[in-house]
Structures are given as structure tokens and as C-alpha cells.
Student: 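Have a look at this one.
The first residue in the sequence is number 1, and the count goes up from there.
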Amino acid sequence: GFKELKLERIYGRCMTKNEGSRKVMEKSGLKYEGLSKHEVYRFEKYEDVWKFGLIRSEWKEVNGF
């Protein structure tokens, strides 16, 4: 995304009960940015959501660009 599409920011989010998605985002290099409580209403219940993201300058720093 940063290299080919020249994006400034890449982000993702997942419900806190979804550990698999959290691990994928962390392995992709996204950094934990915060928790949104009761962001999603699903199956008659509110769910908390983890937010992850990365900006171009952080990506460049890690990847030596």
C-alpha cells in the first residue's frame, strides 16, 4: 500500500474477541492505536473494537526507506 499505491496511512479494526484478526494485523506491521468500547451492535449485544494503524513515515523507518 505504501510503496505501490503511495498511501499515507493503512489501518484495520477488529472486535476484541477476534484474536486471529488481531494477530494478522500485528504480523502485518500495524500498531495498536486504541480500543473503542461498544462500537458495534451485533446479535443484540455491543462489542468492543481494537484499532490498529501505520503511517508512511513509520513504515519507512522500519523498512529502511
Student: Taking side chain as C-beta onward, heavy atoms only, is Leu35 less than 4.5 Å from Thr16?
Tutor: yes

Student: Quick test of your reading: applying side chain to side chain donor-acceptor pair (under 3.5 Å), list the pairs with at least one residue in residues 18-27, sequence neighbours left out, ordered by first then second residue.
Tutor: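 Passing the test, one end in residues 18-27: Asn18-Ser21, Glu19-Arg22, Arg22-Glu26.
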
Student: Identify all side-chain donor-acceptor contacts of residues 37-45 below 3.5 Å with residues at least two apart in sequence or on another chain.
Tutor:
residue	atom	partner	partner atom	Å
Glu39	OE1	Ser36	OG	3.1
Glu39	OE1	Lys51	NZ	3.3
Glu39	OE2	Arg13	NH1	2.1

Student: Distance-only check: which donor-acceptor pairs under 3.5 Å involve side-chain atoms of residues 2-11, not counting sequence neighbours?
Tutor:
residue	atom	partner	partner atom	Å
Lys6	NZ	Lys3	O	2.9
Arg9	NH1	Glu33	OE2	2.9
Arg9	NH2	Glu33	OE1	2.9

Student: Residues in side chain to side chain contact (heavy atoms under 4.5 Å, CB included) with Ser28, at least two apart?
Tutor: Val24

Student: Taking side chain to side chain donor-acceptor pair (under 3.5 Å) as the cut-off, I'd like each qualifying pair that reaches into residues 53-65, sequence neighbours left out, listed once.
Tutor: none

